[in-house]
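Here is the structure we will look at.
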Amino acid sequence: MEKIGSMWSSLKHKDKCAKNQLNCEKVQFQQCTGSRCYIAQAYVVKQEKYKDIELIVVDLFKELHCSKTKGFSEPVKKAIDDMHVQEALPSPSVEDGKQAKTSIEVVFKVLPKSNTFLRNVGIQQSAAKTTDVVKELQAELDAKKLESIGL
């Protein structure tokens, strides 16, 4: 028992606790997943709620950040509002005949770049690949347009 008491009173342990407290204060969007880890809860939600329908990332964000007792925290409410605003804004690409914004793009624009939500739910890698493919297709289309203008 003395070892525990001496550990808690050691300077090294106190520094570690202070650093952990500062890191906890930096978290903007507290996950509300109960006893499951974030990734496991995301998997369960995807399997149960989005089994036969297309995944809507904004709804998944809401699902993983809503406390059963307290609801949404203020930063989460603001992020959700910002996501709805982003969804409502017309995409400049829609006017050019391209597709409208996906829910992944909306969430990516609202969350800070350091946020790991999309990566943790297994989406960010595919979103990056999709963006690369879209850029390549757009470059090909632009080249063909220039070629047809030259004819």
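Excluded from the calculations below are hydrogen atoms, water molecules and symmetry mates; all remaining heavy atoms, backbone and side chain alike, are included. Just so it is clear, the structure is predicted and the values come from calculations on it, not from any experiment.
- Side-chain N or O atoms of S103 include one that pairs as donor or acceptor with a backbone N or O of V57 at under 3.5 Å.
- With a 4.5 Å cut-off on side-chain heavy atoms, F117 and F29 do not count as touching.
- Minimum interatomic distance between V106 and M83 (heavy atoms only, all atoms of both residues): CG1-O, 3.3 Å.
- Nearest heavy-atom pair, C32 versus C66, reported as atom, atom and distance to 0.1 Å: CB-O, 3.5 Å.
- Using modelled atom types, one side-chain atom of E105 and one backbone atom of T102 make a donor-acceptor pair closer than 3.5 Å.
- Looking at K145, Q138, K144 one by one, the single match for side chain to side chain donor-acceptor pair (under 3.5 Å) with D142 turns out to be Q138.
- Among residues two or more places apart in sequence or in another chain, the salt bridge (Lys or Arg N to Asp or Glu O under 4.0 Å) test is passed with E63 by K49.
- Taken from CG in L60 to CD1 in I104, the straight-line distance is 10.5 Å, to the nearest 0.5 Å.
- Among pairs with a residue in residues 68-86, those fulfilling salt bridge (charged side-chain N to carboxylate O under 4.0 Å, His left out) read E74-K77, K78-D82, at least two apart in sequence or across chains.
- S148 OG to L146 CG: the interatomic distance, rounded to the nearest 0.5 Å, is 7.5 Å.
- Atom CD1 in I80 sits 4.0 Å away from atom CZ in F72 (nearest 0.5 Å).
- The cluster map of Ile, Leu, Val, Met, Phe, Trp and Tyr, joined by side-chain heavy atoms under 4.5 Å apart, puts L64 and I53 in the same cluster.
- Annotation: Y50, atom OH; neighbour count of heavy atoms from other residues, nucleotides and ligands within 6.0 Å is above 12.
- Nearest heavy-atom pair across S9 and K14 is O-CE, 3.7 Å.
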